[in-house]
Asker: 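One structure, pasted below without further comment.
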Amino acid sequence: MEKEIKINFEVIPSYDELNDIEKTLFDKAKTIREQAYAPYSNFWVGCAVLLENGEIVTGSNQENAAYPSGLCAERTTIFWTSANYPDVKIKKLFVIGAPKDALSSTAIPPCGSCRQSILEYEAKQKKPIEIYFASLDGEILKTKSIRDLLPFSFDASFL
Ligand code: THU
């Protein structure tokens, strides 16, 4: 029997349609992206996370000459967040990535490993994390939970 999984996402066509906190997250992700350490791929990614206490944590991708030792912007950011605020829930995660010198880009979704890591914290905090991924031009895709980006997800409930 064939079955279907439906996921939900929203397309926010321009920066102007974001609310104030979303605009702040967009701006902070875009700014921190400029400090990415990505000399090997030249693909610069910035991430901004809104915590339930109102604080915003930012991060960028960090590469390494031994390629697999590098880390994506999303994981750099959420690992630091969890290390420093282990009991504070994450409300929103905003990511923006594009080649270093690009003036225009498409919205880049989190990679598979980042989705799995975000899921870990969503399951831990028992509250969905809203995920936004944006292009430099201001087109934004949004899901209400990481589960929309990771159907058939594996989490601690199976262990
Ligand atoms: N990258 C991220 O930071 N986040 C993603 O979700 C996708 C990929 C980084 C990893 C690497 O430094 C560069 O982009 C090219 O893959």
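Remember, it's 1-based here, ligands and their atoms both numbered in the order they're listed. None of the values given here were measured: they were computed from a predicted structure. Hydrogens, waters and symmetry mates are skipped; everything else that's a heavy atom, side chains included, is used.
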Asker: Yes or no: does Gly70 have any heavy atom under 4.0 Å from an atom of ligand 1?
Answerer: no
Asker: Answer yes if the side chains of Ser41 and Glu63 hold a donor-acceptor pair under 3.5 Å, and no otherwise.
Answerer: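 Checked: Ser41/Glu63 side chains pair up, N/O donor to acceptor below 3.5 Å.
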Asker: Between Asp148 and Arg115, is the closest basic N to carboxylate O distance under 4.0 Å?
Answerer: no
Asker: Can you list the ligand 1 atoms lying under 4.0 Å from a non-hydrogen atom of Ser41?
Answerer: 13 (C), 15 (C)
Asker: Among all protein heavy atoms, pick the one closest to atom 12 (O) of ligand 1 and tell me residue, atom and distance.
Answerer: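 For this ligand atom, the closest protein heavy atom is Glu63 OE2, 2.4 Å.
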Asker: Can you find a protein heavy atom closer to atom 16 (O) of ligand 1 than 4.0 Å?
Answerer: no
Asker: If you have a sec, work out which protein heavy atom is nearest atom 1 (N) of ligand 1 and how many Å separate them, to one decimal?
Answerer: Cys72 SG, 3.5 Å
Asker: Counting N and O atoms only, with roles assigned by atom type, does the side chain of Glu34 sit under 3.5 Å from a partner on the main chain of Gly46, one being a donor and the other an acceptor?
Answerer: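 It does not hold such a pair.
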Asker: So is there a nitrogen or oxygen of Cys111 less than 3.5 Å from a nitrogen or oxygen in ligand 1?
Answerer: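 The answer is yes, given that Cys111 and ligand 1 share an N or O pair closer than 3.5 Å.
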Asker: Assess whether a salt bridge exists between Lys92 and Glu130, defined as any Lys/Arg side-chain N lying under 4.0 Å from an Asp/Glu carboxylate O.
Answerer: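 Looking at Glu130 together with Lys92, the answer is yes, because their closest N to O distance falls below 4.0 Å.
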Asker: Donor-acceptor pair, Asp155 side chain versus Ala123 backbone, under 3.5 Å?
Answerer: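 Not confirmed, Asp155 side chain does not pair with Ala123 backbone.
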Asker: How close does the nearest protein non-hydrogen atom get to atom 3 (O) of ligand 1, and which residue and atom is it?
Answerer: Ala73 N, 2.8 Å
Asker: Could you check atom 6 (O) of ligand 1 against the protein and tell me its nearest heavy-atom contact, residue, atom and distance included?
Answerer: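 Residue, atom and distance for the closest contact: Glu74 OE2, 2.7 Å.
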Asker: Do any N or O atoms from the side chain of Asn64 and from the backbone of Ala66 form a donor-acceptor pair under 3.5 angstrom?
Answerer: yes
Asker: Go through the steps to decide whether Ser145 and Glu122 satisfy the test side-chain hydrogen bond (donor to acceptor under 3.5 Å, both in side chains), and finish with yes or no.
Answerer: CA-CA 8 Å; Ser145 160; Glu122 187 174 291; 2.7 Å; yes
Asker: I'd like to check which ligand 1 atoms, numbered from 1 as shown, lie under 4.0 Å from a non-hydrogen atom of Pro110.
Answerer: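 Result: 6 (O).
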Asker: Identify, for atom 9 (C) of ligand 1, the protein heavy atom at the shortest distance, and state residue, atom and that distance.
Answerer: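 The answer is Asn61 ND2, 3.5 Å.
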Asker: Between Glu74 and Thr76, do the side chains contain a donor N or O and an acceptor N or O under 3.5 Å apart?
Answerer: no
Asker: Does an N or O from Cys114, backbone or side chain, lie closer than 3.5 Å to an N or O of ligand 1?
Answerer: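 The answer is no, given that Cys114 and ligand 1 share no N or O pair closer than 3.5 Å.
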